[in-house]
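We count ligands from 1, going down the list as the structure has it; atoms in each ligand are counted the same way.
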Amino acid sequence: MLIFKWGKNKVEQNKKQRKIERECLDLIFESARSVYPKEFGGLLRVDDSKRIINEVVLLPGTISGDSHAIFKMYMRPIDFSLVGTVHSHPSYSFYPSGADIQFFQKFGKVHIITANPFNDSSWGAFDYNGKKLDIEVI
Ligand SMILES: [Zn+2]
């Protein structure tokens, strides 16, 4: 009985866990590499289940190298499938800066940062407080 209950909870937890599609994550890495050493910025879109991130909306004008300036224009999206942001760090740290966290608190539930060299070992997802989120790649 206890085992059954534990198993059920585990399934529910997995159902709630956010996921990202492999292709989507690869697009993030490619975009970050293509603008390096500048930063790129984008918005994350989820599918109908609201759990699987399957699209990156790339923001034009990634010229200034300041992702916060780029995002300012897109602060109030009317599209509720947009759940968060993604940006790149030219450095080797994918952890959010103080300015990043201030920015996260204005919009979105999930924020992905990828750092140099922009691959599976150099990215992280964070909530609006900068707490690391566990996101499964599918
Ligand atoms: Zn940042």
Side-chain angles (χ1 to χ4, degrees):
M1 194 62 185
L2 273 174
I3 291 166
F4 173 72
K5 208 177 164 187
W6 178 81
K8 196 181 163 198
N9 286 342
K10 199 181 169 206
V11 169
E12 278 169 9
Q13 257 183 4
N14 283 344
K15 234 172 104 182
K16 281 182 185 170
Q17 192 192 7
R18 231 177 260 281
K19 299 167 195 233
I20 185 166
E21 285 184 359
R22 179 78 253 173
E23 281 180 21
C24 187
L25 191 59
D26 285 340
L27 175 69
I28 290 170
F29 297 150
E30 277 170 34
S31 305
R33 274 186 218 117
S34 71
V35 300
Y36 177 83
K38 290 167 186 157
E39 291 187 20
F40 103 98
L43 298 174
L44 300 172
R45 178 169 274 157
V46 284
D47 72 346
D48 293 337
S49 77
K50 304 280 183 210
R51 285 287 151 200
I52 302 170
I53 297 163
N54 68 347
E55 198 183 329
V56 177
V57 181
L58 296 173
L59 304 181
T62 324
I63 314 158
S64 69
D66 179 359
S67 58
H68 307 109
I70 299 158
F71 281 122
K72 245 175 202 169
M73 303 183 283
Y74 298 87
M75 225 49 141
R76 288 183 189 80
I78 37 171
D79 184 342
F80 291 107
S81 67
L82 297 171
V83 291
T85 68
V86 55
H87 75 278
S88 64
H89 284 174
S91 71
Y92 292 95
S93 168
F94 57 80
Y95 283 88
S97 64
D100 282 341
I101 292 167
Q102 276 190 331
F103 163 70
F104 291 171
Q105 288 173 342
K106 290 181 183 142
F107 162 77
K109 292 175 183 153
V110 54
H111 304 278
I112 290 177
I113 300 174
T114 180
N116 199 358
F118 315 114
N119 62 28
D120 281 337
S121 63
S122 63
W123 71 283
F126 305 88
D127 72 3
Y128 67 98
N129 271 326
K131 193 184 138 211
K132 201 159 187 301
L133 296 173
D134 186 23
I135 292 201
E136 187 188 345
V137 181
I138 56 164

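Residue-environment remark: CZ (F29) exceeds the threshold of 12 foreign heavy atoms within 6.0 Å. The environment of NZ in K132 is crowded: more than 12 heavy-atom neighbours from other residues, nucleotides or ligands sit within 6.0 Å. For N129, the CG atom sits in a packed shell: over 12 heavy atoms of surrounding residues, nucleotides or ligands are nearer than 6.0 Å.
Looking only at N/O/S atoms, D100 comes nearest to the Zn ion (ligand 1) through OD2. Taking the Zn ion (ligand 1) as reference, the nearest N/O/S atom within H89 carries the name NE2.
For the residue pair R33 and F118, the shortest heavy atom distance occurs at NH2-O, 2.7 Å.
Among the atoms of E39, none of the N, O or S atoms falls under 2.8 Å from the Zn ion (ligand 1).
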